[in-house]
Amino acid sequence: MPELPDVEVYRRYLASTALHRRITTMEVHSHRVLDGVSGKRLKSTLEGAVLEETARHGKYLFARLDKGQELVLHFGMTGFLKYYKNDESKPGHERLRLRLENGYSLVYDNQRLLGRVFLAPDRKRFIEEQELGPDALTVDFERFTSILERGRGAIKSTLMNQKMLAGLGNIYTDEILFQARIHPKASVGSLGEDGLRTVYEQMRVVLEQAIDAQADPGRMPESFLLPHREEEDSCPRCGGRVRKISLSGRATYFCAACQGEAG
DNA sequence: AGTACCACCTGACGGC
DNA sequence: TGCCGTCAGGTGGTAC
C-alpha cells in the first residue's frame, strides 16, 4: 500500500497530530521492525524528546527530534500511523507506540512486519546511504530524463527502481503508465523525448491527484485505472478490457487498447 | 545491467 | 468447517 502518496498523507497526519508534544514513554511491541537500532537505544533517545519537523523522501518518512536526530519510518506493504487516546481506537498490529504528554499515543502499525524503523543522525546522509534517487514529486524534468536514460529495461521496472527515482511502487507506476498511454513493458529507449515528457507530466499529475484524494482508492478521479485493478474489468477511458500480466514478478494491470504495444 | 525467482511476514480468499 | 494453495501495493539477495 504505502507508496509516495500514502506516505505523504502519513507525513501530514503526523505533522498535524504528534509534533511539538513531548514523548513521555515509548513502547516497542515488535523488535523485528527495528533496523540498525536497538529497542533500548530507540527508547532512551525518544523518551523525553519532541518531534519538531517532518519530511518525506520517496517512501520514507522523517521526523526530526529536538535533540537533532531523525526518526525514520518505512511502511513496507502494510504499515500506517494512528494517533489516538482511547484503547478502543487501538489498531490491530501495533509495533511501536509513542505516548505523548497530552495523553494521546502515536502508533506505528504494521501487520506484515515488512516495514522498518531507523534512527539516523542525518537526513541527507541517510538518503545517500540508502542510495535513493531523487524524490519523484520534486525531481525536475532535466534530472528525470538524465536518470531515465540510464535505464535499459522496461519503463515500469525503471520507474519502480528506488535507486533511480524514489517513491513509485506497483500501483502508481501502473497508473502513471496508463495515463501516459504507454505499455509497461516498453523499453525506456523506445520512448523518445516526447514519451519521457509525457511520463514525467503524468507522474506529477497522478501523484498530486492521489495525494489530494488522501491516497484513498475510493476518492480517486474517475479517469484512474486504480479502482479497476481486476482482470476483465473495463478501462475507464475506452471501455476495453483491463489485462493483467506479470512483470518482474509484480502484478501489472493495463489496457491493451489504450497502451498499445511493448515497442 | 536486466530479469526471474525466492525469501521475509501475516492474513484473506477461493476451491475442494 | 477446515485445510491448502495463492496472492497482496515493499525490499533485497541470488543466479543466469
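Naming convention: chains lettered A, B, ... in sequence-line order (proteins, then strands); numbering from 1 in each chain.
Between the side chain of A:Arg112 and the base of C:dA8, a donor-acceptor pair under 3.5 Å is found.
By the 4.0 Å N-to-carboxylate-O rule, A:Glu3 lies too far from A:Lys59 to be salt-bridged with it. Under 4.0 Å is where a charged nitrogen must lie from a carboxylate oxygen, and between A:Arg64 and A:Glu70 no such pair does. Salt-bridge check for A:Glu128 with A:Lys124: failed, with every basic side-chain N at 4.0 Å or more from each acidic carboxylate O. Salt bridge annotation for A:Asp212-A:Arg219: absent, with no cationic side-chain nitrogen under 4.0 angstrom from a carboxylate oxygen. A salt bridge links A:Arg123 and A:Glu53; the closest N-O separation between the charged side-chain nitrogens and carboxylate oxygens is under 4.0 Å. Between A:Arg243 and A:Asp174, none of the side-chain N atoms (NZ, or NE/NH1/NH2) sits under 4.0 Å from a carboxylate O, so this pair counts as no salt bridge.
Atom CZ of A:Phe254 is separated from atom C1' of C:dG9 by 19 Å (rounded to the nearest Å). The distance between atom CG of A:Asn170 and atom P of C:dT11, rounded to the nearest whole Å, is 11 Å. Rounded to whole Å, atom C1' of C:dA8 lies 4 Å from atom CE of A:Met77. Here the P atom of nucleotide C:dG9 and the CZ atom of A:Phe80 are 18 Å apart, to the nearest Å. Rounding to whole angstrom units, OH of residue A:Tyr108 and P of C:dG10 are separated by 14 Å. Separating the CD atom of A:Glu149 from the P atom of B:dG2 is a distance of 14 Å, rounded to the nearest angstrom. Atom CG in A:Asp6 sits roughly 13 Å away from atom P in C:dG9 (whole-Å rounding). Atom CD of A:Glu129 and atom P of C:dG12 are 13 Å apart (whole Å).
C:dC3 and B:dC8 have their C1' atoms separated by 24 Å, given to the nearest Å. Of the P atoms belonging to B:dA4 and C:dC7, the separation is 16 Å, rounded to the nearest Å. C:dG5 and B:dC6: their P atoms are spaced 15 Å apart (whole Å).
A:Ile245 belongs to a hydrophobic cluster with A:Phe254, counting contacts under 4.5 Å between side-chain heavy atoms of Ile, Leu, Val, Met, Phe, Trp and Tyr, direct or through other members.
Within the structure, every pair that satisfies the ring pair (Phe, Tyr, Trp, His ring centres under 6.0 Å) test and touches residues 84-106 of chain A, not counting sequence neighbours, is listed here: A:Tyr83-A:Tyr104. Each side chain to side chain donor-acceptor pair (under 3.5 Å) pair with one or both residues in residues 198-207 of chain A, not counting sequence neighbours, appears once here: A:Arg204-A:Glu208.
With rounding to the nearest 0.5 Å, the separation of OG in A:Ser248 from CG in A:Asn170 is 9.5 Å.
For DNA chain B, runs of at least 3 consecutive pairs of the Watson-Crick or G-U wobble type, with both hydrogen-bonding distances under 3.5 angstrom, map to B:2-8 with C:10-16, B:10-16 with C:2-8.
No hydrogens or angles considered: nothing links the side chains of A:Arg99 and A:Thr24 as a donor-acceptor pair under 3.5 Å.
Mapped onto DNA chain C by nearest heavy atom, A:Arg116 and A:Gln111 fall at different nucleotides, with A:Gln111 at the one closer to the 5' end.
Residues from residues 151-168 of chain A placing a heavy atom under 4.0 Å of any atom in DNA chain B, listed by number, are A:Gly151, A:Arg152, A:Gly153, A:Ala154, A:Ser157. The stretch residues 240-251 of chain A touches DNA chain C through A:Lys244, A:Arg250, A:Ala251, each having a heavy atom under 4.0 angstrom from the strand.
The side chain of A:His93 places no N or O atom within less than 4.0 Å of a non-bridging phosphate oxygen (OP1 or OP2) of B:dT10.
Screening A:Ile23, A:Leu51, A:Val50 against A:Leu100 for a side-chain contact (heavy atoms from CB on, under 4.5 Å) leaves a single residue, A:Ile23.
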